[in-house]
Amino acid sequence: MEIQEHQSGEVDVVSISGKLDAYSSTDLDGKLTALISGGRAKLVIDCDKLEYVSSSGLRVFISALKKVKKVNGDVRLCCLKPLIQEVLNISGFSQLFTIKDSVSAAVASFSSP
Amino acid sequence: MTDHIKKPSNLVYGVDDRPPVPVAFALGIQHVFILFISLIFPALIVNMLGDTIDPHTARSFISLSMIAAGISTILQALRFKWFGSGYLCPALCGPSYFAASASAAALGGLPLLFGMTAFAGAIEAALSRLMNKLRFMFPPEVMGLVVAMVGIVIIPLSINNFFGISGADKVSTSQEVIVGVITLATMIGINVWTKGKLRLYSIIIGMAVGYLSSFVLGIVPQSSVDRIGVAEWFSFPYINNMSWAFDITMAVPFVVATICSTFKTVGDLGTCQKINDANWRRVDMQNVSSGILVDGLGGIIPGIIGAFGQSTSSSNVGLSLATGATSRSIAWVTGGIIIVLAFFPRLSELFIIMPPPVMGATLIFSISFMIIAGLQIIMTRMLDLRRTFVLGLGLIFGLSADLAPQLYSSVHPWIKPVFSSSLALGSVTVIVLNLIMRIGISNKCRIELYPGKQSSEDVFNFVEKQGGSWGARPEVMTNAASALNEVLESVATLELARGPLDVEMKFDELSLDIDVSWEGQPLQFSNKMPTPEELLENDESISMISSFLIRRTVDKLSTSSKDGISHVQLHFEH
């Protein structure tokens, strides 16, 4: 799995590609934890190139969400493929996360009240 | 057909819908126009026999071929357990029969042609009873190529006519090109940019515009117009001195023609099944068997009454898809119209004098759908190297029959039908290669997976590679890989196994079964879905999600444990 990151104002956009499973989730967990530890609390995870996510991958999403909630931040997801969206719906994650169709919409959602 | 047939949204009138009679009549006329194109084959036989047959017999041979087409079209739309496919799949004078029919006519005149045509029909009828057992010969990707070739084989005829090149006329004029473009543009324009039911009539409106522009631009020869004037209003068709003959030397070419015709019909009926069912997964061979029996009668009946051999029409299947009207009641109307027209030669002439560019535009319009339908069928399956070669070589050698026909000019007359068209050669090649490439493929496979050491990439690679060799549906294999990876991760996370997981996959066309076993404690599947609040508050709740992700993908899940060996069985319908 590949992870790329860039900043858009106060928001950090983390783009992930490939398969997010038990094996690769450690890398993503490390990246998100480092950002949060560095004081960044507004995170967007761009899933445009994410092909598959396992329950271990979902664990990373929820772990990051728990951490940023403590500092009034949020993790928002965007650009989900139908298969990934279905996994989030079944697991109940779509009720926990704000999900947007594009990176720009996800970033902008932090500005809206 | 699948268990849950769903009418596709692009159909205005599905197979069991009943359009109003005037609508069915207009739609039937469109089909009749296309069917008339195939009358060129009996007409060529008549030309070949010249003065050896009397004028009434010559005309009747063509009229009786129309009656045979009408009867076959009607019978094909019937739906009994062993008889009739129940689809709008009209019959026409089968191109597959032409080479063999011409040889029979040259050797023994019409009596031999009729006798051998009936013989070929009987062979096909007998073959129809074996179709269920021959299912392994027609996996979806093979069927898809046959369907695509069914459209591809008509390209030379359609493109030549589109440019006004037909029969002895080898010159294309600008007027003919203009008529072709106007006709095709009208059909496409109505089909794509109009709303409502106007799309149903895109072909007949396009043809009307084509006929009109042909007369305005003067590309209809006066001799064609005169033919309408001299034709009789009513004539009862019959063959003078009707008799039948059989010649054993003609048996092989007719059997080969029958096999080619059968392959084409399997392709046509497979397409009918697919375009009428949004949930289509594979060819229903029982239904095909019933349809092939009627196609066999499409040989027996012409042989008895004195007509040219009939076979299902790919162009008409394409037409029904293009217009969004596949109702089988249209078949009954189409059959009725063509039978009636057989008794009214003057009316028939209106169809027969169709200007070549109009004919070409109509064929191009119809086969576009046919070719794409074939490619779509191919893409419903995963293709590994073996299957890629099967399809690639089938396509290449199939096309060679039309692109370089001189290569096969010296083959023995008995097997000439195999090399007579892209469809025949492509179908035979792809089916034979598929049988050869099946050698060495087992329907079972095994792998060991090490919890905590292997990634989902390993799991997906293993499952997808097997899916490719089995020609499985990609969505089923993706689900299987997801579920298997969840089991692997759960066993690793909960530290249940003392060694590797032994994974055995078993596949047949209807199901995929995966048995995962390991030495250690069994995996428990939760029945309770954690709430969003529990997910946020309780770290253990995430483990419960794995159960739901597995259940999401499998059709049946079971677990067991005995003598320290734990099993998880995943069953997927295919």
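All chains are named by letter (A, B, ...) in the order of the sequence lines, taking the proteins before the strands, and each is independently numbered beginning at 1. What you see is a predicted model; the values in this text were computed from it and never measured. Just the heavy atoms: all of them, side chains too, but no hydrogens, waters or symmetry mates, feed the values below.
The aromatic rings of B:Phe507 and B:Trp470 sit parallel to each other, their planes meeting at less than 30°, with 60° as the upper class boundary.
Side-chain contact between B:Arg552 and B:Phe548 is absent, with no heavy-atom pair separated by less than 4.5 Å. Annotation: side chain of A:Lys67 is in contact with side chain of A:Thr33 (closest heavy-atom distance under 4.5 Å).
With ring centers used as reference points, A:Phe61 lies 6.0 Å or more from A:Phe93.
Comparing A:Ser63, A:Ser56, A:Ser24, A:Gly92 by heavy-atom pairs within less than 4.5 Å of chain B, the highest count is held by A:Ser56.
Of the two parts of B:Glu489, only the side chain, counted from C-beta on, holds a non-hydrogen atom closer than 4.5 Å to a non-hydrogen atom of chain A. In this structure, no portion of B:Thr531 lies under 4.5 Å from any heavy atom of chain A. Neither the backbone nor the side chain of B:Ser490 comes within less than 4.5 Å of any heavy atom of chain A. Residue A:Leu96 touches chain B through its side chain alone, counting heavy-atom pairs closer than 4.5 Å.
Taking the charged nitrogens against the carboxylate oxygens, A:Asp12 and A:Lys42 have no contact shorter than 4.0 Å, which rules out a salt bridge.
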